[in-house]
Amino acid sequence: MEYNIRFAVCGLRFVVLCGLVFMLAGCRISVSLTGGSVHPSAKTVFVATFPNNASLINPNLSQEFTTALKDRIQNQTPLTLIDTRNADYVFEGAITNYSISPIALQGNDVAAMNRLTIGVRVTFKSKFEENLNFEQTFSRHADYSSALNFTSIESGLMQEIVAFLTEDIFNRAFVNW
């Protein structure tokens, strides 16, 4: 008798579990790993090339920044990149700052640490939700020892800063912070 009750309880659990699986199979669950959202009707995005208008020019920065922003949008949204400003979302702007400054002076007025700063002015337009449109300057920096040869670490510092900038821009446009 005890065996039959255990078998019945296990059978009941199995039936309930199967029922839940079949019910959930018909449901569509959408999860965003970034917390970002796009308008349900939005399908396209245009990212203009961001020219480097800073007083100090890194010849690779414009292309690297523009590509990184496109990659982040493609990897974190279902949007398709197009080459026209008639897209559902439009990103335009320019690199406005690329500067190196001392941040930690030693006793003999020599910098122990330097800071590379990159600033980008961004204009964002949404075809569906005009209240999300913005024009804003984003700025990030990375510090490095003045004992290091800047030309040997510049590319890595630039990539680090660009990653933070594109995250900030993405969050402002799609996460609404």
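Numbering of residues begins at 1 and proceeds along the displayed sequence.
Shown here for L79 and T44, the closest heavy-atom pair between the two residues is CD2-N, 3.9 Å. The two residues S145 and M113 make their nearest non-hydrogen contact at CA-SD, 3.7 Å. N53 and A94 get closest at one heavy-atom pair: ND2-CB, 3.4 Å. Listed here is the closest heavy atom pair of S126 and N133: N-OD1, 2.6 Å. The two residues A54 and N52 have their closest heavy-atom pair at N-OD1, 3.1 Å. Taking each heavy atom of I73 and V45 in turn, the nearest pair found is CG2-CG1, 3.8 Å.
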Stepwise side-chain contact (heavy atoms from CB on, under 4.5 Å) test for Q136 and V122:
CA-CA 5 Å; Q136 180 177 339; V122 178; 5.8 Å; no

How far apart are the C-alpha atoms of Q63 and T67, what are their side-chain angles, what is the distance that settles it, and do they pass the side chain to side chain donor-acceptor pair (under 3.5 Å) test?
CA-CA 6 Å; Q63 185 62 43; T67 300; 2.9 Å; yes

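Put simply, I57 and I118 are part of two different groups of oily side chains (I, L, V, M, F, W, Y) that touch within less than 4.5 Å, one to the next. When the side chains of ILVMFWY residues are joined at heavy-atom separations under 4.5 Å, either directly or via intervening members, I100 and L165 end up in a single hydrophobic cluster. By the criterion of side-chain heavy atoms lying less than 4.5 angstrom apart, applied directly or through intervening Ile, Leu, Val, Met, Phe, Trp or Tyr residues, F138 is grouped together with V47 in one hydrophobic cluster. There is no path of hydrophobic side-chain contacts, each under 4.5 Å, that joins V90 to F128. F164 and I95 fall into different hydrophobic clusters, where Ile, Leu, Val, Met, Phe, Trp and Tyr residues are linked whenever their side-chain heavy atoms come under 4.5 Å apart, directly or through other members.
Side-chain atoms of L61 and M158, non-hydrogen and from C-beta on, do get closer than 4.5 Å to each other. Side-chain contact between N114 and S101 is absent, with no heavy atoms from C-beta onward closer than 4.5 Å.
The line from CD1 of I82 to CZ of F46 is 8.5 Å long, rounded to the nearest 0.5 Å. In this structure, L157 CG and R115 CZ are separated by 12.0 Å, a value rounded to the nearest 0.5 Å. Here L132 contributes atom CG and R172 contributes atom CZ; the two are 8.5 Å apart, rounded to the nearest 0.5 Å. Taken to the nearest 0.5 Å, the CZ atom of R140 stands 11.5 Å off from the OG1 atom of T117. The distance from atom OG1 of T49 to atom CG of L69, rounded to the nearest 0.5 Å, is 11.0 Å. Distance check: H141 NE2 to N97 CG gives 12.0 Å after rounding to the nearest 0.5 Å.
Within 6.0 Å of CG on D83 lie no more than 12 heavy atoms contributed by other residues, nucleotides or ligands.
Partners of D71 according to the salt bridge (charged side-chain N to carboxylate O under 4.0 Å, His left out) rule, which considers only residues two or more places apart in sequence or in another chain, do not exist here.
When only modelled atom types and interatomic distance are considered, T166 and R72 share a side-chain donor-acceptor pair under 3.5 Å.
Ring geometry, F174 versus F91: the interplanar angle falls from 30° to 60°, so the pair is classed tilted. Aromatic ring orientation, F50 versus F65: perpendicular (interplanar angle above 60°, classes split at 30° and 60°).
Screening residues 86-105 for salt bridge (charged side-chain N to carboxylate O under 4.0 Å, His left out) gives R85-E92, D88-K127 as the qualifying pairs, with residues at least two apart or on separate chains.
With ring centers used as reference points, F124 lies under 6.0 Å from Y89.
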